[in-house]
Amino acid sequence: MAIPTVDPKQTRVGVELKHPRPLIGCRFDPSGRFLFVSAEDSTLQRFDLLTGRKTAFTGHESWVRGIAFSPPAAAAGPACLVPPVAELSALPALGLSAAPPFTLVTGDYHGRLIWWDGAAIAPKPARNVAAHDGWVRAVATSPDGKTVASCGNDHLVKLWSVTDGKPQSVLEGHACHVYNVAFHPGGGRLVSCDLKGIVKDWDLSTSKVVRELDAKILHKYDTGFRADIGGARGMTFSADGSTLACTGITNVSNAFAGVGNPLVVLFDWKDGKAKQLKPKEAYQGTGWGVAFHPAGFVVAAGGAANGRIWFWTGEDNIHKVDVPVSARDMALHPSGTALAIAGHAGNAIVYTMLPGSEKAPAKK
Amino acid sequence: MTRCNYACQTADHVVSRRSFLGAAAAGFAGLVGGFGSPAAARELSRSGKRVFTIFLHGGVSQLETWDPKPGTDTGGPFRAIPTSVPGIHISELLPHTARQMHRLALVRGLNTADDDHGRGAIIMQTGRKPEPGIEYPHLGAVAAKLLGTGKEDLPGHIQIHPGGGGGFNKQDAAFLGPRYAAVVVGDGKPPADLYRPAGLSTEADRQREALRQKLNARFAQTRRTAMTEAYTESYDQAAKVIARGDVFSIEKEDPKLADRYGRHDFGRHLLLARRLLEQGVTFVNVQHTNYDTHHENFDFHIEQLGEFDQPFATFVADLADRGMLESTLIVVMSEFGRTPKINHLYGRDHWSKSWSVALGGCGLKAGAVIGKSNANGTAVTDREVNGGHLFHTYLRAVGQDPTKNFYPNDRPIPIADPKASAITELLA
Amino acid sequence: MRLSQRARLFALAIAAILAGPAAGGDSLSERIDTLIAAGHRDYATNAAPIASDDEFLRRVTLDLIGRVPTATEARTFFADRSPFKRVRLIDALLANPESSRRLAQYLDVALLDRRRDNKVARPAWEEFLRSSFERDKPYEVLVREILSADGADPATRGTAKFFMDRDLDPQVVTRDIGRLFLGRNIQCSQCHDHPQWDDYKQAEYYGIQAFFNRTFLFPNAQAPNAVIAEKADGEMSFTNVFDKAKVQKTTGPRVPGQPVVADPKLEKGKEYMVAPAKDVKPVPAYSRFARLATAITTGDNPAFRRTAANRWWSFLMGRGLVHPLDQDHSGNPPSHPALLDLLGDEFAAHKFDVKWLVREIALSQTYQRSSAAAPGAKDLGASKFAVAPLKPLSPEQFAYSLMQATGLTDAERAALGDGLTDAALQAKLAPVAAPFQNVFGTRPGEPEEKFVSTLDQTLFLKHGGTIRNMIAPRPGNLVDRTLKIAEPDAIADELFISVLTRHPTAEERKDIVEALKAVPDRRTALAEIVWALVASAEFRFNH
């Protein structure tokens, strides 16, 4: 499907979805029909962007931040565009039937992974695995959709079969909490980033580290408070696998008050060289999510007292959008026309990037 | 003599040549029985009581330690785990300490009504709210004065600080005088220059000390201030520490025990604390920093409590094994606790309305829990107490009467806040 | 020997007459005494008598050149029968190059709180301060140079240490400009975003920060040779985090109590003289940063001269008229408001001449009082300046005094022989001072607080190698000199004059004789006697 033209500079609120407790994470499903958010009440909530229905996924007993899907991309491409209108109930029907089933895997801070049918009307945990000792911080799906990777506070990255939940391998080597994990789109390789900003690049056929990338700029040992702050809070590959993006907090002068700046670090996959994407205007806070837009720009979001979204073309921060709430995660809609922010006030704000006068085109 | 504005007219304040000689002559003879011997421990338990505190700087979260509320809107992501006392649960971040719960007690109804670091520290360490016009002595100075015999070689009030010093109140002995002020040992290392250099004989040392003291006595006839006192007193304290220099040699400990304490800073400091207590030091304080987690409270509590848990549990068990637990009061405290409400930075802010301390050892009911907070920790519902009640309790636990007075300059000042009283349910 | 009380006062009166008041009125030092005496109704009956010669000599030497007097200086001063000897001593000390070094060291610690060296080499900064005092640079000029330094010119990079050692951190720089030059500690509670500071104080804080909110370190904050660069745009905006509406406020550059220094309107496209580009340092057409120095030091800002006068008062008197020095606010009034105003105005009228002000204070009776109260006198409290305070020697004073007292300085001088220059001697002495700065100084970045005497300091003095080296005999040092003296009385004299700047009492002479007998080895006996003298409270304090 052709990518509709978007104009980051016209980014504005499309719809605000509400939940009574603070949100932690957000992801669109690969079809683009659903927005999943995780909250401090240990639930996930699924917002159906077509019908407006909100469905609770209960089963976790602690907070969730890792959310992954299989298959990782919808076979027919993103099936739904988020309309730029405020009232979901005023939508003309787009003629879609109930969504086809897909697997959703989520990880929580008690170390458990839960498998779900993401499209079910009344979802229940299909499988509950004691995956890690301590937090599961992130979950990711392999490009072929067969494997899911989890990482966490036990310093381990673990791989699991999507179909039956069986453990496949354990990647050992990190010496501290592993914050994020992502599969290379080309297959066969996986990266994981830990608290100290060390990114390990694993060859999955041997379970060995091929090289390490240096994201240490995202780590600081605060000598005043005697504690470490760091980790890639958001991490993603570009669709063609040529670049890896990590985002977190840098320049920390006070870890216990969060005084520092958000930063995106881009790694060239071929030679491992790093580049930095900085906000043009000084901002105090943490980068929590980053994405590569098919049109060629990079978008990231983060927050502290409130939130902000940044857009870069090359290394130039061409635009920013102020978010009225602390932004704790960001997700790019698979159609490329929208992005979602998980807000501290319990609101998931979906921003549209479509130019103002255009309506969402109908899909056959 | 120039009038001093604190208790220095007493005989024991005047430095005498004889007392110095006494200490110097004792030298290593005072180490009869050596360290860690059952004989030493037995003698200790006969001879006296001592107090040990851990100060967790910044305000440790009671919800991530002693009074977890999992599954509530304030509980955060961690579990509560069972302990060695059926019915008592603490945070999953303290698994080793949980197994020592039968030697500890908890006060969960603490309300100190002050969210300021400096004032909170004063309340918890002096048992009183800060008052204009008077400074009250730190618990360490009080313990050193009341529990000491005046004949000890090591200073009665020792604080082990994480780095090169710190703490909130340097003049911490107040009107009790610099004799009881904390000797701060930075990072638990044997102080540099502790041992007498090769070129200085015992006799030469003795002679020069005598002359130095004479010069100071003359100077003090016309110029005597808190500063000159602090300066001259520090030599007396140094002499005592030198005489017992071996206490700092923690490498002499059983390596397996040292491993269980942990080879990192806090572990070493606790091990040194045990050695000091074993040598009869009446008050030892170890400090751990920092817990002031306004931002990312959960991550940082994992890190800091991860350092705290096993060494503390090892320490408690070690004291029990050596028969020292019955004569040593243990207190784990902070300036205040942290807000049940989680802020927008995944942080918790200052909270003095309903928080907890953990205690154990001498004179206390093991496994007791006094006081309750409500379902999500936002208020005390049962047996509310403040810093004054705790202070009374500490003193009763070590056999002292907190309703008595000190008499600086003949002026009566109650040892503990007269508006409060001991938590009798906690006393054995 | 002490002069009788009457003779002392007579000498001072003559000195005052001959020194001459300013045309048309009393000298500043006399007005100081009048205002101090008026500060308490019982002042006259309870003030300490004027210090004896030995007290005065030691104190003023320590204060003005940062060390104790040499034995020769002491003997010369005691023997001098001139009624003007105190004035002459003060003038000689201020003319001594060591006074510039002393003032420079004092100001260095006050301005930098012993921070670790960052982007500016310490020697360049020290030389900048020292030569400024050497050339009698007005204090306001000195401060203006410090607050306008961008570090770009290598010849004057030392001047930029105030900003550079702080990494141009806006929080820290704002706080310290307030503290050091305006007498106010208005620091933003960085840690807690506490609701205790209200909008007014926030605007004050950000008004100062607005002068340099457009600056940044070029090429980047990590470069060791970074310079301060500035953009042409950027507003100082702030919110009160407890303001639910999260209203964004802004302020232009503004010193508290002064109007905003407004940006001029510039034609679009003409905001830069050198436009920002990759690896190019931008130069704006209008610089807010360049306005900071004059805004702080202008005559329209009384806080500057008041704070400066307060600081130099406390330099000699041990505490400010506003005390602590950075708590000048309505809840902490000065002990002598009229005096503080007078000092500030006179300092400004005399072109902020530091040595002039220091001289006037040193000439006052208030400064010259004994630190021993008269028997039976009431304690009026330190803020009344009725009795001279005890001041612990700073780490630098302690180090250089120990070097002088033990004769290490003399030994180094002798060892240099023909190669003796001020620089060469300093190169030998400064490394010996370094451990004192470590052990006795506050931790880097922390301002000085109350006097403490810690275990590590005491052990350093008792057992440390630095002191052991000083007391071991060496050609030309004190132990070496006294080894060559046969008569125990003469030994006692040399020891006490060299170390404590006075003659021993009869009892002390007996103690020395006893001590020499008790240890058979004369070298050891003398070395450890010197140790006892330098370890005494009398040596440790300026009194």
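These values consider heavy atoms only, across backbone and side chains, with no hydrogens, waters or symmetry-generated copies. Numbers restart at 1 for each chain; the letters A, B, ... are given by sequence-line order, proteins then strands. Since we're looking at a predicted model, the values are computed, not measured.
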Is atom NZ of Lys391(C) surrounded by more than 12 heavy atoms (other residues, nucleotides or ligands) closer than 6.0 Å? yes
Please check this pair: side chain of His463(C) against backbone of Pro197(B), looking for a donor-acceptor N/O pair closer than 3.5 Å. no
Spacing of CD belonging to Gln207(B) relative to CG belonging to Leu516(C), to within rounding of 0.5 Å: 10.5 Å
Nearest 0.5 Å please: distance from the CD atom of Glu538(C) over to the CZ atom of Arg212(B). 13.5 Å
For chain B, which of Thr524(C), Thr454(C), Leu461(C) has the most heavy-atom pairs under 4.5 Å? Leu461(C)
Go through Leu500(C), Asp456(C), Asp511(C) and name the one with the most non-hydrogen pairs under 4.5 angstrom from chain B. Asp511(C)
Would you check if Arg218(B) and Glu508(C) make a side-chain contact, meaning some heavy-atom pair closer than 4.5 Å? yes
Applying side-chain contact (heavy atoms from CB on, under 4.5 Å), name anything that partners Ala238(B), two or more places apart in sequence or on another chain. Leu455(C), Thr458(C), Leu459(C), Lys462(C)
Taken to the nearest 0.5 Å, the spacing of Arg223(B) CZ from Glu55(C) CD works out to 4.5 Å
Side chains of Ile529(C) and Leu211(B): does their closest heavy-atom pair fall under 4.5 Å? yes
Of the backbone (N, CA, C, O) and the side chain (C-beta and beyond), which part of Leu215(B) lies under 4.5 Å from a heavy atom of chain C, both, or neither? side chain
Can you tell me which portion of Ser536(C) sits under 4.5 Å from chain B's heavy atoms? Options are side chain, backbone, both or neither. both
By side chain to side chain donor-acceptor pair (under 3.5 Å) - contacts of Asn343(B) (at least two apart): Asp349(B)
Which answer fits Phe541(C), side chain, backbone, both or neither, if we ask what part of it has an atom under 4.5 Å from a heavy atom of chain B? side chain
State, yes or no, whether a side-chain contact exists between Glu229(B) and Ser453(C) at a heavy-atom distance under 4.5 Å. no
Could you state the interatomic distance from OG1 (Thr225(B)) to NE2 (His543(C)), rounded to the nearest 0.5 Å? 11.5 Å
Rounded to the nearest 0.5 Å, what separation is found between the CZ atom of Phe451(C) and the OG1 atom of Thr228(B)? 9.0 Å
Interatomic spacing from CE in Met227(B) to CZ in Arg540(C) - rounded to 0.5 Å: 9.5 Å
Nearest non-hydrogen partners of Thr232(B) and Ala537(C), listed with the distance: CG2-CB, 4.0 Å
Please examine the side chains of Leu200(B) and Arg468(C), heavy atoms only from C-beta on, and report whether any two atoms are closer than 4.5 Å. yes
Looking only at heavy atoms, which two atoms of Ala535(C) and Tyr231(B) are closest? And how far apart? O-OH, 3.2 Å
